[in-house]
2 protein chains.
Amino acid sequence: MFFLRELPTRMMIDRYVSASGVGDTDTVAQALSMMREASQLGRILDAYFSNYNLSQLKFHILIVIDREPNTDSLRQSEINQRLDVSKPVLHRTVASLLDEGFLVRNDDTQDSRAHRLALTDAGKTMLAAILPGYFETISDYMEKKP
Amino acid sequence: MFFLRELPTRMMIDRYVSASGVGDTDTVAQALSMMREASQLGRILDAYFSNYNLSQLKFHILIVIDREPNTDSLRQSEINQRLDVSKPVLHRTVASLLDEGFLVRNDDTQDSRAHRLALTDAGKTMLAAILPGYFETISDYMEKKP
DNA sequence: CTTATTTAGTTATCATGATAATCAAATAAG
DNA sequence: CTTATTTGATTATCATGATAACTAAATAAG
């Protein structure tokens, strides 16, 4: 999260960046602007997902299972390879998706410690319902921002 | 936070965006890429701040007080106008900065409900110590990313 | 003036991120 | 084979974000 509503002035950045010779002022200004915009868009998307009682993480879990080319299920550890989130948070969020009926869990025949997670029909329906508005929300933000 | 390590393919975006006519595929792809990069840089910055037992929010609080042109103190409500964060979180984090000795709090002579928050010498020293590395960290990330 | 509304700050509670530590099964090493 | 290490999942605990509801003081409205 990047909280600053007004970014540091070019002068202020310049005082530390080009003065100390560690980088380019414009590039740093661009990075700060990127972080601010991503925070704003992130908040807008969180609001969009909350209409469906979902979160960005839940959405991403559904997405990575759905888009897998050769199977319709993944292990928790495989989801973890695809999502940059800690194991306990993934575990808790998967548990919540199971509880809400968007995922089902079956034993893994290869490894008795593991399970395979697949989308239910409700999960597929939710994903189909949420995707167009997701891209539209992003598209709207990009058009309307200065 | 944007967790997806691999962004949706252009084809997948296209299926929802240009097909439904609600936006431009390239623009959406650019937005997703921006969110991913901002997440990654955010994690790197969090790691940098944690070396100083600080957070991005604490840093931003110190910054907005320090950069104020006509005064060396702000009310909590004034900080809130400058930072996109909820009142309770700001309150808690200011309390923590007071406790750590980076801020001091004095009564506001205009309004008995309010207080004025100013940097201590330790706060100014911390800010001076952390700023160059902050910009350098951002600069490094921008140079090294693909 | 008195009452109503707004503003500044605070408290309680919840949601969602992280790390550290643990258990059991699978795999590698001796 | 037996022991050591790695891997998959889980639990406990903490950090840091949010909203809702509250108090007290300041300000506006009647």
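Numbered from 1 within each chain, the chains take letters A, B, ... in sequence-line order.
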Main-chain N/O of B:Asn53 paired with B:Ser50 side-chain donor or acceptor, under 3.5 Å: no

Of the listed nucleotides C:dT11, D:dA9, C:dT19, the one nearest the side chain of B:His91: C:dT11

Between A:Arg75 and B:Arg92, whichever has its closest DNA chain D nucleotide further toward 5' is A:Arg75

Send over the distance from A:Arg105 CZ to D:dG8 C1', rounded to a whole Å. 11 Å

A:Gln56 side chain N/O closer than 4.0 Å to the phosphate oxygens (OP1, OP2) of C:dT16? no

Closest approach to the side chain of A:Ser112, judged atom by atom: which nucleotide of C:dA25, C:dT10, D:dA25 is it? C:dA25

To the nearest angstrom, how far is A:Arg43 atom CZ from D:dT16 atom P? 16 Å

Applying a 3.5 Å limit to both distances, which nucleotide forms a Watson-Crick or G-U wobble pair with C:dT7? D:dA24

Would the base of D:dA25 count as contacting B:Arg113 through its side chain, where contact means a donor and an acceptor less than 3.5 Å apart? yes

Could you tell me the separation between the CG atom of A:Asp107 and the P atom of C:dA26, rounded to a whole number of Å? 12 Å

What class does the angle between the rings of A:His60 and B:Phe3 fall in, given that below 30° is parallel, 30 to 60° is tilted and above 60° is perpendicular? perpendicular

Between D:dG17 atom P and A:Leu45 atom CG, what is the distance in whole Å? 19 Å

For the side chain of B:Ser77, starting at C-beta, report the closest nucleotide among C:dG9, D:dT7, C:dA20. C:dG9

Listed nucleotide nearest any side-chain atom of B:Met1, set D:dA9, C:dT19, C:dG17: C:dG17

Name the residue closer to the 5' end of DNA chain C, choosing between A:Asp84 and B:Glu78 according to the nucleotide with the nearest heavy atom. B:Glu78

Figure out the CD/P separation between B:Gln76 and D:dT23, and round it to whole Å. 19 Å

Which nucleotide wins on minimum distance to the side chain of A:His115, given the candidates C:dA25, D:dT10, C:dA18? D:dT10

Compute the centroid of each ring, for A:Phe49 and then for A:Tyr134, and state whether the two points are separated by less than 6.0 Å. yes

Using a 3.5 Å distance criterion without hydrogens, assess whether the side chain of B:Glu78 forms a donor-acceptor pair with backbone atoms of B:Arg75. yes

Got a donor-acceptor contact below 3.5 angstrom from the A:Arg36 side chain to the A:Leu4 backbone? yes

Residue closer to the 5' end of DNA chain D, B:Gln110 versus A:Lys87 (nearest nucleotide): A:Lys87

Which one is paired to D:dG30, where only Watson-Crick or G-U wobble pairs with both distances under 3.5 angstrom count? C:dC1

How many Å lie between CG on A:Leu83 and C1' on C:dT16, as a whole number? 15 Å

Starting at atom CD of A:Glu100, determine the distance to atom C1' of C:dA15, rounded to an integer number of angstrom. 13 Å

How many whole angstroms separate atom CD1 of B:Ile61 from atom P of D:dT16? 11 Å

Taking for each residue the nucleotide of DNA chain C bearing the nearest heavy atom, is the 5' side occupied by B:Gln81 or by A:Pro88? B:Gln81

Is the backbone N or O of B:Asp108 less than 3.5 Å from a side-chain atom of B:Arg116, with the two atoms forming a donor-acceptor pair by type? no

